[in-house]
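Only one structure is covered here, and it is reproduced in the block below.
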Amino acid sequence: MAEARTVYVDLLSGNDTTGDGSQATPYLSASLALYTHGPSPPLTILVRKAAGEEYVEITQSALKKAVKDAQGIEKKKKRAAELAARDAEQQAAAKERREKELSEARKVVLTEDPQLPQAVKSKILNLAPLRDQRVRVRGWVHRKREQSKILFIVVRDGTGLLQAVLSGRVAQTYDALTLTLESSVELVGKLVEVPAGQTAPGGHELVVDWWRTLGAAPGGAEAFTNKVNEDSGPEDRANLRHLVMRGETASAVLTLRAHLLTAFRATLIKHQLIEVTPPCLVQTQVEGGATLFKLDYYGQPAFLTQSSQLYLETCLPSIGDVFCIQESFRAENSHTRRHLSEYTHLEGELAFITFDELMDHIETLICESVDILLANPHSAALIKQLNPDFAPPARPFKRLSYVDAIAWLREHGIKRPAEDGSGGEVEHAMGDDIAEAAERRMTDIIGTPVFLHGFPAELKAFYMKRIPGNEKFTESCDLLMPGVGEIVGGSMRMSDEQELIAAYRREGIDPAPYYWYTDQRKYGTCEHGGYGLGVERLLAWLANRFTVRDCSLYPRWPGRATP
Ligand code: 4AD
C-alpha cells in the first residue's frame with residue numbers, strides 16, 4: 001500500500017515535466033499528480049490557483065476530473081509503449097532479414113569462368129573498338145540504381161563513364177548487396193551496344209559476368225552524398241575539394257585544363273619557342289613589392305616568384321625564344337573571383353620582334369590553341385559540356401589604345417570610385433588605372449577579346465619599353481576577355497642598359513641583385529618582348545566558370561592553403 005503523501009499543484013507556475021510535487025517544485029496539473037502517485041487516498045493534493053494564495057485541498061469535482069484525465073494519460077502512455085515495442089520488433093525483424101540476406105549473399109561466390117574468352121583490360125575511353133568482346137574495367141561507382149533485381153551502375157575511371165548491368169547471381173553477392181557510391185570496383189563482362197531507344201555513355205554497356213568491390217566507400221552518415229551535395233556551402237566545398245573534384249563538372253574542368261596546357265605547348269612549340277623551367281625561389285621582384293611572398297632562405301631574404309619573365313629574357317641569347325608554364329605567387333589580399341594567391345602562369349619571351357608582332361603572337365597563341373581544342377573530340381566534348389555556347393573568337397582581336405579606352409569609358413558613362421573616401425564615383429581621366437570593375441564592364445559591352453595597349457609608364461612595371469616619340473606611354477598591352485577581364489599582360493622590354501639603370505633608381509629598386517638582368521643589356525642587347533597569361537583566367541573564359549577558384553586543382557586564396 002502506498003504511503004500517505006501530500007503533493008502540491010500550482011495551476012499557474014507548476015511544471016509537469018520538471019516538477020516533483022514538492023512545495024518547492026510543484027506540478028502544474030492534478031491529473032499528473034494522480035498519475036504519478038496513485039489514484040486513491042492516502043494521497044492529499046493541495047492546489048494553489050494564483051500566486052500569493054494559500055495551497056488548499058483539491059475540491060471533489062476537480063478531483064473527479066483529475067482522475068479521468070489521469071486515466072487518459074495512462075492510456076496514451078500505454079499506446080506509445082505498444083507502438084515503440086512494435087517498431088523495435090519490426091526493426092529487429094528487418095535487421096534479422098538483412099543479416100539472413102547478407103549471410104545468404106556471402107555464400108554466393110563468383111568465380112571467373114575460365115571457359116569464357118580472355119577479358120581485355122581497358123580504360124573506359126578506349127572501349128569503343130572492343131564492342132562485343134569481353135573487357136575488364138576498374139573504376140569508381142558514380143551512380144547506381146536497382147530495378148527488378150537488376151543492378152545498374154555507372155562506373156567512372158577518370159577517362160569516362162561506363163554503364164554496367166548486374167543481374168542474376170552477379171547481383172546477389174555480398175558486394176552487390178552492400179555496394180555504395182564511390183566504392184572502387186573491378187568489372188568483367190561483355191561490352192554490348194545498348195538496345196535501340198536506350199541511352200548510355202558511349203552508346204554501350206557492360207553485361208557483367210564477374211566483378212568485385214576493391215575498396216568499399218562508407219554508407220550512412222559518412223556516405224559520400226552526405227559529405228558533398230547540392231546544399232554544401234562554399235567553405236565545405238573548399239575543405240572537401242578532394243571529394244568535390246570527383247563530380248562531373250569539376251572533373252571536366254580539370255580535364256579540359258590538361259588539354260589546354262597540351263594545346264598551348266603544341267602551339268608554342270610549333271612557333272619555335274622552347275620550354276624552360278625557371279626557379280620559384282627568387283631574390284628579385286618583377287611586379288612590385290606589394291604582392292611579394294617573403295621568406296627566409298638560409299638566413300637571407302627571398303621571395304616566391306611573381307613572374308618568370310626576367311629569367312626568360314636571359315634565355316633569349318642562349319636558346320632563343322622561350323616559354324614556361326610555372327606557378328606564380330601574388331600576396332595581394334584580393335578576394336575577387338579572378339585572383340588566386342598561387343596561379344599557373346604561362347609566360348613567353350621573343351627576341352627581335354616589334355610591339356605589333358608581340359600582340360599578333362599572343363592572338364595566334366590563343367586562337368591556334370582554341371582550334372586545337374575544338375579539333376580534338378575529347379576536349380571539344382568537354383567545352384560543349386561546360387560552355388555549350390562557346391564560339392572561337394574572331395580574328396583579328398580589337399586593339400584599343402589606353403588613351404582611346406579612357407575616352408570610351410567617359411563616353412559610356414563608366415566611372416571609377418572617388419579617392420576622397422566619399423563613396424562616390426568620378427569620371428575616368430588620363431593617368432587613371434582602369435580598375436577591375438570598369439575593365440569588366442568594358443569587355444562585357446564590347447563582347448569580344450580586346451587588347452588595351454600603350455599604358456602610361458607610371459602605371460606599369462619598371463622594365464617596360466617607352467613608346468618611341470611618346471615616352472610618357474609604354475609599349476604594353478593587356479588582353480581582356482568577355483566575362484573575365486584581363487587574361488594576358490605583356491610588353492616590350494627596355495633594351496638599353498642606362499635606361500634600365502635609371503628605371504631601377506626611379507622605382508627605388510637596388511640594382512645590385514639584378515646584375516644578371518642588367519647584363520642582358522650589356523652583352524649584346526636586342527629588342528624583345530613577352531607576356532604572361534593566367535591559365536585559370538583563360539580556362540574560366542573557355543569553360544564559362546564564374547571564378548578562377550574552380551579552374552585550379554587546389555586553389556589558394558588569402559587564408560586558404562588546404563587541402
Ligand atoms: O599582368 P601580370 O602581373 O604580368 C606579369 O607578371 C608579367 N611579368 C608577365 C610577363 O610579361 N612575362 O600578370 C600576367 C597575367 C595576368 O594577365 C593574369 O592573367 C594573371 O597573370 N594573373 C593572375 N591570375 C590569377 N590570380 C592572380 N592573382 C593573378 N595575377 C596575375
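All values below come from the heavy atoms of this structure, side chains included, with hydrogens, waters and symmetry mates left out. Ligands are counted one by one from 1 in listed order, and the atoms in each one are counted from 1 as well.
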Heavy atoms of other groups near Glu458 CD, more than 12 under 6.0 Å: yes
Closest approach of Ala380 to Leu374 (non-hydrogen atoms, all atoms of both residues): CB-O, 3.5 Å
Ligand 1 N/O within reach of Ile487 N/O, cut-off under 3.5 Å: yes
Nitrogen or oxygen atoms of Gly534 and ligand 1 under 3.5 Å apart: yes
Which segment of Tyr343 sits under 4.0 Å of ligand 1 when only heavy atoms are counted: side chain
Gln306 N/O under 3.5 Å from ligand 1 N/O: no
Arg556 side-chain N/O to Ala561 backbone N/O, donor-acceptor pair under 3.5 Å: yes
For ligand 1, the portion of Phe323 having any non-hydrogen atom under 4.0 Å away: neither
Lys/Arg-Asp/Glu bridge criterion (N-O < 4.0 Å) met for Arg416, Asp433: no
Top protein contact for atom 15 (C) of ligand 1, by heavy-atom distance: Gly532 O, 3.4 Å
Check ion pair Glu349-Arg493 (N to O, under 4.0 angstrom): yes
Region of Asp478 that comes within reach of ligand 1 [heavy atoms, distance under 4.0 Å]: neither
Worked check of side-chain contact (heavy atoms from CB on, under 4.5 Å) between Gln309 and Tyr463: CA-CA 10 Å; Gln309 174 198 324; Tyr463 52 74; 3.1 Å; yes
For Val488, the ligand 1 atoms whose distance to one of its heavy atoms is below 4.0 Å: 17 (O)
Carboxylate-amine/guanidinium proximity below 4.0 Å for Glu536 and Arg545: no
Salt-bridge present (Arg560, Glu342; N to O < 4.0 Å): no
Proximal ligand 1 atoms for Tyr463, defined as those under 4.0 Å from one of its heavy atoms: 7 (C), 8 (N)
Ligand 1 to Glu332 polar contact by distance, N or O atoms, under 3.5 Å: yes
Leu340 N/O to ligand 1 N/O under 3.5 Å: yes
Distance, nearest 0.5 Å, that separates CG of Leu382 from CG of Asn387: 12.0 Å
Minimum non-hydrogen distance to atom 13 (O) of ligand 1, winning option of Gln309, Arg330, Glu342: Arg330
Ligand 1 to Glu347 polar contact by distance, N or O atoms, under 3.5 Å: yes
Heavy-atom nearest option to atom 25 (C) of ligand 1, drawn from Glu313, Arg338, Arg549: Arg338
Trp557 and Tyr343 aromatic centres sub-6.0 Å: no
Side chain Thr291, main chain Glu332, donor-acceptor under 3.5 Å: no
Option whose closest heavy atom lies nearest to atom 11 (O) of ligand 1, chosen from Glu287, His339, Arg493, Glu349: Arg493
Atom indices of ligand 1 within 4.0 angstrom of Glu486 heavy atoms, with elements: 1 (O), 16 (C), 17 (O), 19 (O)
Protein contact to atom 18 (C) of ligand 1 [nearest heavy atom, distance to 0.1 Å]: Arg537 NH1, 3.5 Å
